[in-house]
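Remarks on the structure that follows.
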Amino acid sequence: MSQLAKVPTTAKVAKKRKWRGDNAWGYAFIAVALVVYAMFTAYPVVSAFIISFQEYRPLGSVFIGFENYINTFSDSLFWKSIKNTIVYTVLTVPVTLFLSFGVAILILPLKKRTQTAFKAIYYLPAVASGVALSVVWLWIFDPMPSGILNKLLGFFGISNLNWLGSSSTAMFSLVLMAWLSSHGTSIIIYLAALLGIDESYYEAADLDGANFLKKLWYIVIPFLKPTTLFLLVTGVIGSFQVFQNAYLMTGGGPDNATTMVGLLIFNNAFKYFEFGKAAAQSLILAAIIASISFIQFKFFGKNIEY
């Protein structure tokens with residue numbers, strides 16, 4: 001009986017020790033991150049979920065059930081924004097990955113200092129202000145003959161184009177902007193993965209007489225599958241959330257030709273003050289992104305070792 005009586009006491013002592021010493025400091029540091037997560041991630045998501053079922057009013061919202069979701073699915077502009085976002089994603093993400101991979105391959109044989117210089121140059125746009133970059137691209141896409149792109153096309157006898165003001169060229173202009181900028185992060189990640197491949201694989205390939213293309217196909221690409229999958233998933237997520245380029249460059253026009261889902265949500269919330277509808281659309285967008293990410297891991301994540 002005396003031994004059984006000591007069991008609860010021992011358990012209490014162990015529980016007290018758990019909150020002392022290193023464990024206490026660990027929970028303290030985790031608490032800071034948890035508080036930040038709860039305030040700036042969990043609480044906004046829960047609030048958006050609640051607001052999506054309401055007609056939001058500052059002094060008292062009204063519960064309207066699934067009306068915001070019904071209005072969203074019956075809104076032709078919402079489906080057009082989905083289509084625009086998909087087109088933008090399909091045209092930008094694969095090309096961006098290919099360009100980043102190609103640049104990383106070109107940088108790899110260089111000396112360490114030269115590699116560092118190129119990495120800094122390519123990463124610089126990611127550090128610069130997005131507004132400043134948009135101003136530069138507005139100058140490039142200037143529809144007047146003084147515009148850089150029109151001036152370049154003038155050498156080939158092509159007349160001026162209203163790049164951002166025409167529904168036939170506005171989306172291509174945003175895609176071109178994505179192709180020619182903001183590859184720095186992907187290049188650095190690819191280069192780090194390339195440097196992580198053991199030299200013995202290349203030496204064995206040299207003994208077998210493998211050329212550059214065979215090394216690329218049988219060594220580099222298989223080893224970079226986890227990196228490529230990571231960049232593919234994050235790239236698709238980023239492109240589905242694109243807002244800044246469309247907002248600053250075209251405002252979603254002309255004729256909503258460049259209205260992305262993120263811009264539509266912003267307009268509904270802060271331009272038309274339909275917070276409930278915007279919250280419903282943001283949750284639908286989150287569900288779409290989660291579904292696409294799951295499909296990518298399901299079909300492209302096979303035979304990948306992390």
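The residues of the chain are indexed from 1 along the displayed sequence.
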Evaluate the side-chain proximity of [Y] to [X]: yes if any heavy-atom separation is below 4.5 Å, no if none is.
X      : Y      : answer
Ile64  : Asn68  : yes
Tyr202 : Ile197 : yes
Met260 : Ser81  : no
Leu231 : Thr185 : no
Ile288 : Ile82  : yes
Phe240 : Ile86  : yes

Which donor-acceptor pairs under 3.5 Å do the side chains of residues 31-58 make with protein atoms, sequence neighbours left out?
{"unit_1": "Ser47", "atom_1": "OG", "unit_2": "Tyr43", "atom_2": "O", "d": "2.9"}
{"unit_1": "Ser52", "atom_1": "OG", "unit_2": "Phe49", "atom_2": "O", "d": "2.6"}
{"unit_1": "Ser52", "atom_1": "OG", "unit_2": "Tyr69", "atom_2": "OH", "d": "2.9"}

Rounded distance (nearest 0.5 Å) linking atom [atom1] of [X] with atom [atom2] of [Y]:
X      : Y      : atom1 : atom2 : result
Met249 : Leu138 : CE    : CG    : 4.5 Å
Leu232 : Lys225 : CG    : NZ    : 13.5 Å
Leu264 : Ser282 : CG    : OG    : 11.0 Å

More than 12 heavy atoms of other residues, nucleotides or ligands under 6.0 Å from CZ of Phe266: is that the case? yes
Closest contact, heavy atoms only, Met177 versus Ser134: CE-OG, 4.2 Å
Hey, mind stepping through Asp206 and Lys215 against salt bridge (charged side-chain N to carboxylate O under 4.0 Å, His left out) and telling me if it holds? CA-CA 9 Å; Asp206 288 332; Lys215 291 178 185 177; 2.4 Å; yes
Quick one: side chains of residues 270-279, donor-acceptor pairs under 3.5 Å with protein atoms, not counting sequence neighbours, listed by atom name and distance.
{"unit_1": "Lys277", "atom_1": "NZ", "unit_2": "Asp75", "atom_2": "OD2", "d": "3.4"}

Extract all donor-acceptor atom pairs below 3.5 Å that involve side chains of residues 105-125 and protein atoms in other chains or at least two apart in sequence.
{"unit_1": "Gln115", "atom_1": "NE2", "unit_2": "Leu108", "atom_2": "O", "d": "2.8"}
{"unit_1": "Gln115", "atom_1": "NE2", "unit_2": "Leu110", "atom_2": "O", "d": "3.1"}
{"unit_1": "Thr116", "atom_1": "OG1", "unit_2": "Lys112", "atom_2": "O", "d": "2.9"}

Under the salt bridge (Lys or Arg N to Asp or Glu O under 4.0 Å) test, residues paired with Lys83 that sit two or more places apart: none
Under 3.5 Å, side-chain donor or acceptor atoms of residues 153-164 against the rest of the protein: list the pairs with distances, not counting sequence neighbours.
{"unit_1": "Asn162", "atom_1": "OD1", "unit_2": "Gly165", "atom_2": "N", "d": "3.2"}
{"unit_1": "Trp163", "atom_1": "NE1", "unit_2": "Asn150", "atom_2": "OD1", "d": "3.1"}

Residues passing the ring pair (Phe, Tyr, Trp, His ring centres under 6.0 Å) test with Phe223, sequence neighbours excluded, are Tyr201
